[in-house]
Protein chains: 2
Amino acid sequence: MARRELSETTRAALVEAAIAEFAAHGFDGASTRSIAARAGVHQPQINYHFESKADLWGAALDHLFAELSAELTGAALSADGDLEVLRNSIRTVVRHAAKRPELNRMMVKESSVVSERLTWLTEQHVRSLFDIHSALWNRLRVKGQVADLDVLTAFYVLIGGSTLLYSNSPEARLLSGDDPMDPTRIEAHADAMVALLTRSTPVAATRHHTTRTTT
Amino acid sequence: MARRELSETTRAALVEAAIAEFAAHGFDGASTRSIAARAGVHQPQINYHFESKADLWGAALDHLFAELSAELTGAALSADGDLEVLRNSIRTVVRHAAKRPELNRMMVKESSVVSERLTWLTEQHVRSLFDIHSALWNRLRVKGQVADLDVLTAFYVLIGGSTLLYSNSPEARLLSGDDPMDPTRIEAHADAMVALLTRSTPVAATRHHTTRTTT
DNA sequence: GTCTATAATTAGATAGAC
DNA sequence: GTCTATCTAATTATAGAC
């Protein structure tokens, strides 16, 4: 393997190890030694490939949000009309939370206090998703096709209701003995979140447009 | 002030300071020095009043869960019938999440990986709440009075949908400029969570029993 | 690009005076 | 019960050989 390829391999291994360690123990709880050990390299490699521990943390989130954005874009492109876009997006959020619980684990650990890391995270990655959600939700709300919730509350009900079961899956397993990551359960959860937040038929007025219904 | 009273004052101040620091920075991120400083005492006082940092962390959660249990008990006692108990409980969960976001912040930081702290927390405090929820939810589900969700998923949709807006309120404020803790918004959120998870009229069969409806 | 060795901080906990 | 002073261990980051 050429030197540049080796470098990129090491860098990618460090990012993946950082995702696992930061998600499990938080920024302060994860040590650069444990991250390096998980990646199979020595600790000073982190400061060779990244400016600092905080820089590696940022690279981990860049990677996780790139994955999520790719899936959400796919969900939007394959949909026809606002309502179907929202439904596909909700399903994508649920499925992705189960596939990559690390994303929500990292998020929730940083979102409880204003900090440099939180402002970076919010402006760099969350803002654009929230803006897209807001425009979509407001258009559907005036047509009575979604639950009667303001955009901010709707955003957090959607994310919280869709992701906590997976970000807290170790707790859920202790409580119930069941596996939250079971594919059948995940699909039922996705269906339920769609049913809770959207209405197949508008409640307030306007039926002139033909509205796609799922059943 | 007598010596014993002084001691109890110091202990209570340490618990309250620990709640603030652990909720904001997690177990590893919060230092015993910062907790002592917030409580207005010197750092070694922690090891006089508590066996260890972990012991203080446990005392903080004991305090937070005692508060929550008191409110949930009140909500259940003032209700008539399973459906009203559930509705009151949902509203209590939303209001309490807004009043004490520290509880959910501490919880979510410990629930992403199996650890000694998580197993203690689950068995000591979460288990009983989950068992009560399970019995209640299953009785209502067979009568078609709640959303069609298994108990485990329902628990996490309820908690996640009710609490994330408040545990992540710094992020929510950055995103929207609005105040998630506004009382009117909180009540609207509570109403919405009740509407999402319960049905005023049963969908599947059985109407022989008179069912209390709100409005 | 990766290694060993180590510098510079900071952490939780304890000893002993008052 | 509370204080000052300090011990031991662990942390992030860097220096310099290969």
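In what follows, every chain begins at residue 1, and chains take the letters A, B, ... in the order their sequences are listed. As the structure is a computational prediction, the values presented were derived from the model and not from experiment.
For the pair B:Asn47 CG and C:dA11 P, the computed distance is 14 Å after rounding to whole Å. Straight-line distance from the CG atom of A:Asp28 to the P atom of C:dA11: 10 Å, rounded to whole Å. Protein atom CH2 of B:Trp57 is 16 Å distant from nucleotide atom P of C:dG12, rounded to whole Å. Taking atom CZ of residue A:Phe27 and atom P of nucleotide D:dT11, one finds them 14 Å apart after rounding to whole Å. Note: CG (A:Leu14) to C1' (C:dG1) measures 12 Å, nearest angstrom. Distance CZ (B:Phe50) to P (C:dT14): 15 Å, rounded to an integer number of Å. In this structure, A:Arg11 places its CZ atom 13 Å from P of C:dT2, rounding to the nearest Å.
Taking the side chain to side chain contact (heavy atoms under 4.5 Å, CB included) definition, one finds that A:Ser112 meets it with B:Arg105, B:Lys109, sequence neighbours left out. Residues forming a salt bridge (charged side-chain N to carboxylate O under 4.0 Å, His left out) with B:Glu21 (at least two apart in sequence, or on another chain): B:Arg38. Residues satisfying the ring pair (Phe, Tyr, Trp, His ring centres under 6.0 Å) test with A:His189, not counting sequence neighbours, are A:Tyr166. Remark: A:His133 engages A:Trp137, A:Phe155 in a ring pair (Phe, Tyr, Trp, His ring centres under 6.0 Å) (not counting sequence neighbours).
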Inset, instruction - Sugar-phosphate means primed atoms, P, OP1 and OP2; the rest is base. With that split, encode nucleotides 3-10 of chain C 5' to 3' as B, S or - using protein heavy atoms under 4.0 Å. - result: SBB-----
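With D:dT2, D:dG1, C:dG12 as the candidates, the nucleotide lying closest to the side chain of B:Lys53 is C:dG12.
Contact annotation for A:Ala54: no contact, since no heavy-atom pair falls under 4.0 Å across all strands.
In this model, the phosphate group of C:dT2 is approached by a side-chain N or O of A:Thr10 to a distance below 4.0 Å at OP1 or OP2.
For residues 61-76 of chain B, the pairs satisfying salt bridge (Lys or Arg N to Asp or Glu O under 4.0 Å) are B:Glu67-B:Arg100, B:Glu71-B:Lys99, with sequence neighbours left out.
No hydrogens or angles considered: nothing links the side chains of A:Thr122 and A:Thr119 as a donor-acceptor pair under 3.5 Å.
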